[in-house]
Each structure stands twice: as structure tokens, then as C-alpha cells.
Amino acid sequence: EAGVAQSPRYKIIEKRQSVAFWCNPISGHATLYWYQQILGQGPKLLIQFQNNGVVDDSQLPKDRFSAERLKGVDSTLKIQPAKLEDSAVYLCASSLAGGSSKKSQETQYFGPGTRLLVL
Amino acid sequence: EDQVTQSPEALRLQEGESSSLNCSYTVSGLRGLFWYRQDPGKGPEFLFTLYSAGEEKEKERLKATLTKKESFLHITAPKPEDSATYLCAVVGSGTYKYIFGTGTRLKVLA
């Protein structure tokens, strides 16, 4: 079974530029997550989709970050304009379900991440 | 507020020297506690899920246990290839979202 795919793997941009990340979840997984992981810290949830609807975006800096999941499969995360503090690894994860009655379906599987450096 | 604290921050072991990593948590209604392994430059790799106090899971040299306040990841006779950062996350019934700790960086020396 193919895992979570992400691209690009690395990105270097100047501050105030824009950047987009792409994620393809595990086939059949309804729930998709975007996390930000700053060096030395655990991942922090940015946004959670259930199919193509947003479940939780409470920690997404909406003045500069946006995300969409068209057709309930692939997703893109965009930053515009980027700041120095956005330098981090952006992880995509997916699960069969999220917040469902079947706890076993909530296990999240992560992609390799996109490493962003803002100069 | 749901919270996860992992200790120690870093751990160096000799090959074969067994030890334990700790994950202490505060959460409203634990739905699950998850252990992941993360190698440098890679995404977290799922290891275990624990759902209730007293539960134990094993995989090769790793054994995870759970109490009402904390979880331990026991590493028996570790090998250099066990070197990685081990992350703990909890899900509470209030939010249904993962809250991660900052991880334990494990280095096993040959």
C-alpha cells in the first residue's frame, strides 16, 4: 500500500514570497491533516479536513496560510507572504477517519514532509 | 488544556543497555496514546496505539505501557539502528486531535 506522498521535499524562498505544498493521502483515507514541525519540537496541527470539509483550522494563521482539499483527495497548503518564522517542516498525514466512534480508524500516517527555509 | 511532556529530552545508550522513555499527559478523556519514531529528514513512523490503562504493546525490542497519567516506551537491548527521535501524542475526547510532546532523541552507540 502506497504511503502519504508530499512534494516538493525541499523549498528555499525569500521572505514575502509565496510557496505551495502538495499532499496525496493514503487511498481511502477520509481525513487529512497538515502539521508544522519546528526544529526540536513536536508537530503542531494546522488544519484538519474530513473529506473536503474543514474540521479544525483553529491554529492556522489565516492571514497568510490557506489550504484546500478538492474532491476530498489531494490537498495543497499555501503560504503567502512567507515570514522567517515559517521556516519549518510541513507534514501531511492521513487517517481512515477522525473523531469517529472507531478509535482504530484514527491512527494517523505521515508523509516525508516538506522542508521550508525562508531567507 | 491537554498537555504532553516527554522525558528525557535526549538519551545516549550503549548497544545492549536497556532503558525507558517517559510520556506524561494531561487530557480530558483519553481516546488514545500514540508512539511514533522519527528519523532525521523523515516523517513520523507509527509504532503503537494504547487505549486504556494497563494496556501493553510490543514490537521487536520495543514495549509500550500505559497508566492513567503516563506511558513508557521500554527499549530492550537496543541496537544503533534504534537511534531516532521518539514522539508521543495523545487524543482527548474533547478535541479529537493529536497533541504531541517534544520527543526524546535517542542515540545508541555501538
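All chains are named by letter (A, B, ...) in the order of the sequence lines, taking the proteins before the strands, and each is independently numbered beginning at 1. Atoms considered below: every heavy atom in the structure, side chains included; atoms not considered: hydrogens, waters and symmetry mates.
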**Message:** Heavy atom to heavy atom, less than 4.5 Å: which residues from residues 48-83 of chain B reach chain A?
**Reply:** B:T49, B:Y51
**Prompt:** If Ile, Leu, Val, Met, Phe, Trp and Tyr residues are connected whenever their side-chain heavy atoms lie under 4.5 Å apart, and connections chain through other members, are A:F49 and A:I26 in the same group?
**Reply:** no
**Message:** Do B:Y98 and A:Q108 make a side-chain contact, defined as non-hydrogen atoms from C-beta onward lying under 4.5 Å apart?
**Reply:** yes
**Asked** In this structure, are over 12 heavy atoms from other groups packed under 6.0 Å from B:E1 atom CD?
**Response** no
**Message:** Measuring centre to centre across the rings, with the benzene-like ring taken for any Trp, is A:F110 within less than 6.0 Å of B:Y36?
**Reply:** yes
**Request:** Heavy atoms only: give me the nearest B:G43-A:L91 pair and the separation to one decimal.
**Result:** CA-CD2, 4.0 Å
**Asked** Looking only at heavy atoms, what is the nearest atom pair of A:Q59 and B:K97, with distance?
**Response** NE2-NZ, 3.8 Å
**Message:** For B:Q3, is the CD atom crowded, meaning more than 12 foreign heavy atoms sit under 6.0 Å from it?
**Reply:** no
**Asked** Counting only heavy atoms not in A:K62, do more than 12 fall under 6.0 Å of its NZ?
**Response** yes
**Message:** Please say yes or no: joined through hydrophobic side-chain contacts below 4.5 Å, possibly via intermediate residues, are A:Y90 and A:L60 part of one cluster?
**Reply:** yes
**Residue A:S58 versus chain B: region with a heavy atom under 4.5 Å** = side chain
**Asked** Going by residue number, which parts of residues 34-45 of chain A are within reach of chain B, meaning a heavy-atom gap below 4.5 Å?
**Response** A:Y35, A:Q37, A:G40, A:Q41, A:G42, A:P43, A:L45
**Message:** Would a single hydrophobic cluster contain both B:L33 and B:L21, if residues Ile, Leu, Val, Met, Phe, Trp and Tyr are joined by side-chain heavy-atom contacts under 4.5 Å?
**Reply:** yes
**Asked** So what's closer than 4.5 Å to chain A heavy atoms on B:Q38: side chain, backbone, both or neither?
**Response** side chain
**Asked** Shared ILVMFWY cluster between B:V4 and B:V91, side chains joined below 4.5 angstrom?
**Response** no
**Request:** Kindly check if the number of other-residue, nucleotide or ligand heavy atoms within 6.0 Å of CZ (B:R105) is above 12?
**Result:** no
**Message:** Tell me whether B:F34 shares a hydrophobic cluster with A:Y109, the cluster being built from Ile, Leu, Val, Met, Phe, Trp, Tyr side chains joined at under 4.5 Å.
**Reply:** yes
